[in-house]
Protein chains: 2
Amino acid sequence: MTLPPLVQAFVLHFGEMGSRWGINRTVGQIYAVLFASDRPLCADDLVERLGVSRSNVSMGLKELQAWNLVRLKHVPGDRRDFFTTPEDVWAIVRTLVEERKKREIDPTLTMLRELLMQAPASDEERHAQARMRDMHELIELLTGWYADMQRLETERLVQLLTLGTKVVKVLEMKDRLFVMPGGRAKKTETRTAKPEA
Amino acid sequence: MTLPPLVQAFVLHFGEMGSRWGINRTVGQIYAVLFASDRPLCADDLVERLGVSRSNVSMGLKELQAWNLVRLKHVPGDRRDFFTTPEDVWAIVRTLVEERKKREIDPTLTMLRELLMQAPASDEERHAQARMRDMHELIELLTGWYADMQRLETERLVQLLTLGTKVVKVLEMKDRLFVMPGGRAKKTETRTAKPEA
DNA sequence: CTTTATTTTCAGTTTTGACTGAAAATTCGG
DNA sequence: CCGAATTTTCAGTCAAAACTGAAAATAAAG
């Protein structure tokens, strides 16, 4: 592995964490190298820096492209494909969350919806279905909220995150000062907060 | 596998998704059975329901305990260990997020902090460090916000999630009406919102 | 259309992780 | 303590995934 020590430490960490993140070591390392690099790299650059086979790099890049985590750049007068990660780390997080949701949550939502349609044939199934309903509601709430957040510009999102729980204070303030202005009624409407707590 | 069809479908799905979630098939299936069950189950119940070896169940339960995802229950007059998942699905999500953060994010934060302390030895390392700084800041912001959320009671948390982006509207309203009351100043203080959009 | 640079695919190999049965350890009732 | 019930550990086996080198496919240049 031919990398400056600092970068190498970063890359090795991403490789090790890869397994916990559901990607393999090489994919994690490729991503780390691209992320830390100050210029686009081609497949052979990665082979040299990581010391893995050319075909392994090819597969890794393909996987990262499937995740939308790398961008293809073309250097004029060079036939090779060069790759980068987006400059904006927020864009990266958005993609990451989006893709993980698609792979790790959406299929479960679909499955739950299907099973909740079926008529339970016993008390055991009735109870199981009640549990699934709880799970389904929770995931729907979370993904709905996520869809809202995904729509925000980064600046507003950062503002919201920075506020943290202070938002709750603001909500309490709002509740104390105003009656809910009649927005389009949703199933789960905001309950008026108790004055203190 | 001896399970009612509806439960079986649920369990098989969890088994298949297991690999995407970073747990193995059996662990996913054990969790699903416990989650859907209307009573605590012992290891042998799981062996019967899932048709896997006793030792596999033992290891699976150990892993779920390490994740704090199952609770040990003792039935009076029975020496065996019985297991359940928490009734409250929100409690489950809290644990899940907490544990995933501990395993998948905290180690990276630590690594980044260490590498950011080192003096860069080249322009390449300087650039890599700048990228790491971006990543570090972003993760700090997200985990800080998460810590805030984790502290909220479930009711307030649900309220917040239900509001979604409507919170932004409330913030804009607040910004228009008041000057920030002088809270303890944090590095990233809320910027006053532009009047519209 | 041919040549050459580059990327992709794939069969075979290696590595890693899951699973099992048997043996060891633990725990509780007597 | 002893012995039965139960759980855990672990060495060996099996299955899945990662990785490689070589061959095939692709794409641009001449």
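All chains are named by letter (A, B, ...) in the order of the sequence lines, taking the proteins before the strands, and each is independently numbered beginning at 1.
Atom pair Asp81(A):CG and dA25(D):P shows a separation of 20 Å (rounding to whole Å applied). As a whole-Å value, the separation of Glu63(A) CD from dT7(C) P is 19 Å. Straight-line distance from the CG atom of Leu61(B) to the P atom of dT6(D): 15 Å, rounded to whole Å. Between the CG atom of Leu46(B) and the C1' atom of dT7(D) there is a distance of 14 Å, given to the nearest Å. What separates CD of Glu16(A) from C1' of dT15(C) is a distance of 16 Å, to the nearest Å. Following rounding to the nearest Å, Ile30(A) (CD1) and dT7(C) (P) show an atom-to-atom distance of 13 Å. One atom, CG of Leu41(B), and another, P of dT7(D), lie 13 Å apart when rounded to the nearest Å. Here dC19(C) presents its P atom at 11 Å from CD1 of Ile23(B), a figure rounded to the nearest Å.
Here the side chains of Asp45(B) and Arg39(B) are in contact, with some heavy-atom distance below 4.5 Å. Taking 4.5 Å as the limit, every side-chain heavy atom of Trp21(B) sits out of range of all side-chain heavy atoms of Arg100(A). Residues Val33(A) and Phe14(A) form no side-chain contact, since every pair of their non-hydrogen atoms from C-beta on lies 4.5 Å or further apart.
Dashed line: the shortest gap from a side-chain N or O of Asn24(A) to OP1 or OP2 of dA17(D) is not under 4.0 Å. Under 4.0 angstrom from either OP1 or OP2 of dC28(C) there lies no side-chain N or O belonging to Arg79(B). Between Lys62(A) and dT9(C) there is a side-chain polar atom (N or O) within less than 4.0 angstrom of OP1 or OP2. At least one side-chain nitrogen or oxygen of Arg54(A) sits closer than 4.0 Å to the OP1 or OP2 atom of dT7(C). Note on Ser58(B): a side-chain N or O is less than 4.0 Å away from OP1 or OP2 of dT8(D).
Defined by atom type and a distance below 3.5 Å, a donor-acceptor pair is missing between the side-chain atoms of Gln129(B) and Arg126(B). Side-chain contact check for Thr85(B) and Arg131(A): at least one donor-acceptor pair (N or O, by modelled atom type) lies under 3.5 Å.
When distances are taken from the side chain of Ser53(A) to each of dT6(C), dG21(C), dG21(D), the shortest belongs to dG21(D).
Place Met59(A) and Asp78(A) on DNA chain C by their nearest nucleotides, and Asp78(A) ends up nearer the 5' end. The residue among Asp44(A) and Arg25(A) whose nearest nucleotide of DNA chain C is located toward the 5' end is Asp44(A).
Among the protein residues, Thr26(B) comes within range of the sugar-phosphate backbone only, with heavy atoms under 4.0 Å from sugar or phosphate atoms but none that close to a base. Asn56(A) comes within 4.0 angstrom of a base, heavy atoms only.
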